[in-house]
Amino acid sequence: MEKKNIDWTNLGFAYIKTDKRFVSNFQNGKWDDGALISDATITIGECAGVLQYSQSCFEGMKAYTTEDGHIVTFRPDLNGERMEDSCRRLEMPVYPKERFVDAIVKTVEANEAWVPPYGSGATLYIRPYMFASGSVIGVKPANEYQFRVLVTPVGPYFKGGVKPLTLCISDFDRAAPNGTGHIKAGLNYAMSLHASVTAHANGFDENMFLDPATRTKVEETGGANFLFVTKDNKVVTPKSSSILPSITRRSLMAVAEKYLGLEVEERTVYVEELKDFAECGLCGTAAVISPVGKIVDHGKEICFPSGMTNMGPVIQKLHDTLTGIQMGRIEAPAGWIKVIK
Ligand SMILES: *Cc1c(COP(=O)(O)O)cnc(C)c1O
């Protein structure tokens, strides 16, 4: 198999059409077998549920080439479980997690030529998603759906080196207390775009969203969970039922405990105590962990001792250990790595 002629090290984070995508349709109460197809366009009716009432959800994960030349994915069973949860909350039919993992494997295999080589820093981003394709005009769940998996190569996240982020505490809310914050629904992103464009216009990299009920507790950003390090090296992550359960964050907490021997804690984190932390990072599939240097709370600056040029020492170790596990340089806990080829 010959790799595509791409300048892997200079890839950005943008969609590039690849050769094959997986498609399965839900009709008459069941999913069909699904197939890999070449057509990158979708034809649906004008009254499809996704177009009228935004019934859709998605996942995000990556395939990597390891040091010894295998193509692997990272904990795809957890993405499958999370998509099942998203479907249930949105009254969509569940795409079973075993079939989800199988669809991921098939799609990556069919696009092997697009999987970036080891050492390039680039990876193959995998986007599974589901939407209501059946027509609805009255407000109710549709009765036909489509599940798809597309892949696209993406470049190294920290191109030109790490740069700690500056966040602002947002006046907008991301997720209602008993709403949909804990699932990966497109609608959560649609309504966060205004907050994110506003933050960028004001010179910030990201928003820190608080709990809407009291505005005293830290939740997450638009697309990544928080991790904090205390001055005595404890790793803390906020606990809330409206935070999206990041697989990267859950893995980093396990790495902190099992590989680095650090104490870990999932608990309520108050805005009040931000000034007392030594390090702060954002966790998600895209960057694994991005350091945060500064948080601005309505003009008041909270600067972390880790500073604005480097990752803090604990976040650096967490980053290096988890990427080492993903790239096959460090032995993984059982079940974390799914070898595709
Ligand atoms: C996808 C997502 C994350 C990160 O989850 P990972 O599984 O680590 O990629 C965090 N927050 C939100 C809101 C997300 O949608």
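Since the structure is predicted, the reported quantities are computational estimates derived from the model, not experimental observations.
- A donor-acceptor pair shorter than 3.5 Å cannot be found between the side chains of Trp31 and Asn25.
- When all heavy atoms of Glu219 and Ser240 are compared, the pair lying nearest together is OE2-OG, 2.5 Å.
- The backbone N or O of Pro177 lies less than 3.5 Å from no partner atom in the side chain of Ser242, so there is not a single donor-acceptor pair.
- For Asn202 (side chain) and Phe204 (main-chain N/O), no donor-acceptor pair under 3.5 Å exists by modelled atom type.
- Taking the centre of each ring, Phe147 and Tyr95 come in below the 6.0 Å mark.
- For the residue pair Glu301 and Val296, the shortest heavy atom distance occurs at CG-CG2, 4.2 Å.
- A salt bridge does not link Glu81 to Arg250: none of the charged nitrogens lies less than 4.0 Å from a carboxylate oxygen.
- In this structure, the side chain of Asn207 does not engage the main chain of Ile169 through any donor-acceptor pair within 3.5 Å.
- Within a 6.0 Å radius of CG in Asn28, no more than 12 heavy atoms belonging to other residues, nucleotides or ligands are found.
- Put simply, the side chain of Arg89 never gets that close to the backbone of His182: no donor and acceptor are under 3.5 Å apart.
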*I would like to know whether Ser38 and Lys20 meet side chain to side chain donor-acceptor pair (under 3.5 Å); could you show each step before the answer?*
CA-CA 5 Å; Ser38 298; Lys20 299 285 179 186; 2.9 Å; yes
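- When atom types are taken as modelled, the side chain of Asp205 and the backbone of Thr166 share a donor-acceptor pair closer than 3.5 angstrom.
- A salt bridge is absent between Lys184 and Glu59; no separation between the charged side-chain nitrogens and carboxylate oxygens falls under 4.0 Å.
- Residue Ile289 is tested with Leu282, Asp320, Leu227, Leu322 for a side chain to side chain contact (heavy atoms under 4.5 Å, CB included); the sole match is Leu227.
- One finds the OG atom of Ser86 at 9.0 Å from the CE atom of Met130 (value rounded to the nearest 0.5 Å).
- Side-chain contact between Ile44 and Val50 is present, with heavy atoms from C-beta onward closer than 4.5 Å.
- Classification of Glu84 and Lys97 as a salt-bridged pair fails, no side-chain N sitting under 4.0 Å from a carboxylate O.
- Looking at Lys62 and Val154, their side chains come closer than 4.5 Å, going by heavy atoms from C-beta outward.
- Looking only at side-chain heavy atoms (C-beta outward), Tyr270 and Leu210 stay at 4.5 Å or farther from each other.
- The closest donor-acceptor contact from the side chain of Thr66 to the backbone of His70 lies under 3.5 Å.
- When atom types are taken as modelled, the side chain of Glu279 and the backbone of Ile315 share a donor-acceptor pair closer than 3.5 angstrom.
- Under a cut-off of 6.0 angstrom, the local environment of CD in Glu265 is crowded, with over 12 non-hydrogen atoms contributed by other residues, nucleotides or ligands.
- Taking the ring centroids of Tyr129 and Phe58, they lie at or beyond the 6.0 Å cut-off.
- Contact of the Ile325 side chain with the Val255 side chain is registered, since non-hydrogen atoms from C-beta on lie closer than 4.5 Å.
- A salt bridge links Asp102 with Lys106; the closest basic N to acidic carboxylate O contact falls under 4.0 Å.
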*Where do Arg329 and Tyr118 land on the side chain to side chain donor-acceptor pair (under 3.5 Å) test, with the steps shown first?*
CA-CA 11 Å; Arg329 296 185 297 261; Tyr118 176 78; 3.1 Å; yes
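- Note that the CZ atom of Phe277 and the NZ atom of Lys234 stand 10.0 Å from one another [nearest 0.5 Å].
- Considering only heavy atoms from C-beta on, Tyr64 stays 4.5 Å or farther from Pro116 through its side chain.
- Counting only N and O atoms by type, the side chains of Glu272 and Thr216 include no donor and acceptor under 3.5 Å apart.
- Note that the CZ atom of Phe131 and the CZ atom of Arg148 stand 6.0 Å from one another [nearest 0.5 Å].
- Using modelled atom types, one finds a donor on one side chain and an acceptor on the other under 3.5 Å when comparing Asp171 with His298.
- Of all heavy-atom pairs between Ala199 and Cys168, the closest is CB-SG, 3.9 Å.
- The closest donor-acceptor contact from the side chain of Thr73 to the backbone of Ala63 lies at 3.5 Å or more, if one exists at all.
- Side-chain polar atoms of Arg75 and Ser251 form a donor-acceptor pair below 3.5 angstrom.
- At distances below 3.5 Å, not a single donor-acceptor pair connects side-chain atoms of Lys294 with backbone N or O atoms of Leu165.
- A donor and an acceptor atom, one from each side chain of Gln55 and Tyr145, are located under 3.5 Å apart.
- Enclosure of atom NZ in Lys140 is not indicated, since only 12 or fewer non-hydrogen atoms of other residues, nucleotides or ligands lie within 6.0 angstrom.
- Gln146 contributes no side-chain N or O that, together with a main-chain N or O of Phe26, makes up a donor-acceptor pair within less than 3.5 Å.
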*Assess whether salt bridge (charged side-chain N to carboxylate O under 4.0 Å, His left out) is satisfied between Arg88 and Asp85, documenting all intermediate values.*
CA-CA 5 Å; Arg88 286 187 198 100; Asp85 292 340; 3.1 Å; yes
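- Between Lys341 and Glu109, no side-chain nitrogen of the basic residue sits less than 4.0 Å from a carboxylate oxygen of the acidic one, so the salt-bridge criterion is not met.
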